[in-house]
Amino acid sequence: MKTLFALLFSCCLLSLTAQAQSGVQKAIQKQLILTEDGETIQLDAGTFTFTGSLSLEDKKNIVIRGQGMDKTVLSFKGQTDGAEGLRVSNGQNIIIENLTIQDTKGDCIKTMNVNGITFRNVKVEWTGTPGPDNGSYGLYPVQCQNVLIEDCVAIGASDAGIYVGQSKNIIVRRCEAYHNVAGIEIENSLMADVYENNAHENTGGILVFDLPDLVQKRGGNVRVYKNQIRNNNFDNFAPKGNIVAGVMAGTGVLILATNEVEIFENQIINNKSIGTGIISYYFTERPIADTAYYPYPTKINIHDNTYQRERGYPSRKGRMGLIFRFKLKFGKNVPDIIWDGITDEKYARPATMDICLRNNAGATFANMDAANNFKKISRNVTAQDCTLQPLTDTKLTLK
Amino acid sequence: MKILATLAVFLLSVAFTLRPSEMYVFASGQAVPENLSEWGFFAGKLADQKPIDGVLPYRLNTPLFSDYAEKLRFVKLPAGQAVPYNPDDVLAFPVGTVLIKTFYFPTDFRDATKGRRLVETRLLVHETNGWKALEYVWNTDQTDAVLEVAGEQTEVAYLDGEGNAHRQTYVMPNLNQCKGCHNRSEKLMPIGPSARQLNGKLAYASGPENQLTHWQKHGLLTNLPALTDRPKTPVWNDATTGTLDTRARAWLDINCAHCHRPDGPASTSGLNLRYNETNPTAWGILKTPVAAGRGSGGRQYDITPGKPDESILVYRLESTDPGIMMPEVARKVTHREGVTLVREWIRGLKAE
């Protein structure tokens with residue numbers, strides 16, 4: 001009898017919870033719809049389960065505020081409707097702070113067409129062992145302006161923990177990203193300052209990418225500085241087909257086809273394959289049909305960083321693993337900074353492509369000569385010993 | 001018990017922070033009717049959906065798939081006003097127009113006399129400051145439908161055209177989700193009623209007639225060219241109305257291009273599935289995904305010519321996992337016949 005009673009009790013508890021939870025979802029969603037410009041939506045402490053996406057549309061000057069990271073937890077485990085946890089579109093001056101979002105089917109928080117978006121003290125995570133079934137992006141502002149991401153934590157994204165795409169005027173600072181495929185990624189974005197972050201134990205720590213076929217064609221003026229970029233040796237678990245699925249485990253910083261990037265005063269430590277890589281889109285061997293796209297990285301200024309890695313082999317996995325083993329043959333003597341060496345003869349200074357490396361403590365270098373089937377791999381950095389005008393800092397217009 | 005306790009507190013505080021009046025209002029400040037019946041679009045029993053004079057039924061050649069729900073569509077133009085013809089886009093309906101769409105499931109798709117269950121009626125109301133979406137959910141007695149800002153979920157059961165029994169969850173959108181699809185440069189917009197979609201026959205009380213001609217005769221449509229000069233969207237599942245290519249592109253246009261267009265919310269992907277897009281990369285041929293995540297299904301390209309099983313497009317149309325599937329909202333089941341069409345089309349595409 002006692003077991004039966006216990007069983008009954010747990011049944012009731014479960015069904016009660018299920019009903020009430022859907023009540024919470026409806027109440028919050030209703031509030032997100034009916035809230036008026038300038039209002040603050042307060043969320044209490046506790047863990048709350050949602051089965052569908054929440055969304056905020058066409059609002060100005062809204063604050064969504066929890067009681068603290070790990071105190072107000074919105075869990076989307078078992079989500080059945082919509083891909084994101086929270087989606088914000090067409091807004092102005094939206095602040096999301098002091099809360100945790102977990103285990104969404106797709107992205108944790110996606111914001112699109114928002115001018116003035118702040119993420120502060122927000123944790124986005126997929127719990128459990130990181131794997132390809134995790135959602136793509138933790139924090140995902142796209143086509144936004146004036147983006148501030150500070151004191152946030154991103155864990156377990158199968159693409160990028162913190163991903164800023166096709167946006168303008170961006171600051172990412174004092175964040176922590178780990179167990180993601182890419183810790184922090186800036187893609188097709190203009191004017192970005194990424195500093196004082198801690199990107200560790202991802203597949204790749206910090207990525208700066210420009211991709212073809214997108215609405216915002218070119219990124220640039222991206223500064224990555226004073227970050228801790230350590231031990232990014234996590235096996236790549238991105239689903240194939242995605243660009244980050246090609247990122248080699250053991251990558252600290254990777255610059256793909258972006259122009260005007262300044263990387264300085266970072267600690268780039270124990271990333272076993274590529275401390276910092278500079279590659280053109282041709283190196284990905286993907287087709288390019290976009291005639292407006294410029295596939296080469298140029299004006300890359302890497303200076304005053306500290307590099308360190310324990311002597312040892314790079315990752316053996318994936319296409320890059322094969323290239324390292326059978327083409328580059330560095331053995332355990334892996335260079336800290338590598339460039340694919342693919343040059344544009346039409347560029348003003350094709351020999352160097354204005355890729356400048358100077359005063360990087362402990363750094364070794366290699367030009368892979370990838371355009372000529374890795375025939376003349378050079379470890380001589382002299383040609384790259386130059387410096388560029390510092391890029392301007394990013395200023396945000398936030399209310 | 002602790003969870004329940006915090007939950008109760010949480011609910012309480014949510015209730016507390018909501019304003020005392022939860023009235024949903026028009027831009028004019030007027031309250032939105034709580035019940036569909038208050039709009040007065042229909043005569044007699046509301047569930048019979050018999051429109052009054054001035055409320056005109058219409059149909060589309062290739063409609064959006066909505067989990068096998070059937071739809072009744074009506075338009076109400078403001079008295080004495082007409083809409084100008086244009087060959088390409090959704091008609092520019094004047095302020096004061098209401099588009100009415102009721103979703104229902106027949107008990108048995110093979111036999112209409114066995115009855116039906118109305119689930120929701122969606123309104124698009126053209127106000128002075130733009131279109132506004134409203135969602136009315138039908139009550140179980142089928143006597144009226146009630147305004148539901150935050151959406152609803154129900155279970156539907158029916159026998160399909162082959163007599164197979166289906167039972168599925170049916171989700172009705174909250175008002176923000178309406179804009180998830182009805183979004184053109186961040187403005188809420190109708191999707192379906194373009195001249196090319198309306199260019200087809202409908203059985204009116206007066207007999208079957210081309211809809212555009214009918215609209216013109218009744219003073220609802222101006223500048224209409226001759227019948228032969230009107231572009232026409234083919235009927236996706238009727239091979240007599242178009243080639244495999246035009247039918248597949250028409251199906252993709254109505255099901256995907258409301259987002260996947262340069263001025264739609266999925267412009268970020270670079271994938272444009274408008275029927276008239278001419279750049280093969282833009283409509284997916286050998287196009288690599290941008291932010292598909294596990295939606296890529298381990299496949300390289302949106303469309304791999306000749307190979308539907310290596311095309312991300314097909315993978316996402318077939319899936320019902322919310323982290324993978326497309327469209328990402330308003331779908332719980334796979335449109336099997338639509339996927340078959342797209343598969344056939346991709347299989348016939350030649351690699352350049």
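Small disclaimer: the values here were computed from a predicted structure and weren't measured. The sequence lines fix the lettering, A, B, ..., with proteins before strands; numbering per chain opens at 1.
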task = Spell out the residues in residues 260-275 of chain B that have some non-hydrogen atom less than 4.5 Å away from a non-hydrogen atom of chain A, in order of number; otherwise answer 'none'.
result = Gly264(B), Pro265(B), Ser267(B), Thr268(B), Ser269(B), Gly270(B)
task = Would you please go through residues 281-295 of chain B and name the residues with a non-hydrogen atom below 4.5 Å from one of chain A, in numerical order?
result = Thr281(B), Leu286(B), Lys287(B), Thr288(B), Pro289(B), Val290(B), Ala291(B), Ala292(B), Gly293(B), Arg294(B)
ask   = Are Tyr68(B) and Phe105(B) close enough that their ring centers fall under 6.0 Å?
value = no
task = Give a yes-or-no answer on whether the side chains of Glu318(B) and Thr334(B) include a donor-acceptor pair shorter than 3.5 Å.
result = no
ask   = Most heavy-atom pairs under 4.5 angstrom with chain A, which of Val171(B), Asn174(B), Asn183(B)?
value = Asn174(B)
inquiry  = Using a 4.5 Å heavy-atom cutoff, which residues in residues 126-136 of chain A come close to chain B?
reply    = Pro132(A), Asp133(A), Asn134(A), Ser136(A)
request  = Name the region of Glu148(B), side chain, backbone, both or neither, that has any atom closer than 4.5 Å to a heavy atom of chain A.
outcome  = side chain
Contact origin within Glu187(A) toward chain B - heavy atom pairs under 4.5 Å = side chain
ask   = Quick one: which residues of residues 120-137 of chain B reach chain A at under 4.5 angstrom, heavy atoms only?
value = none
remark   = In terms of heavy-atom contacts, Val244(A) and Asn236(A) come closest through O-ND2, 2.8 Å
remark   = Interface check, chain B: of Ile41(A), Leu211(A), Asn113(A), Asp159(A), most non-hydrogen pairs under 4.5 Å belong to Asn113(A)
ask   = Does the side chain of Thr35(A) come under 3.5 Å of the side chain of Glu39(A) through a donor N or O and an acceptor N or O?
value = yes
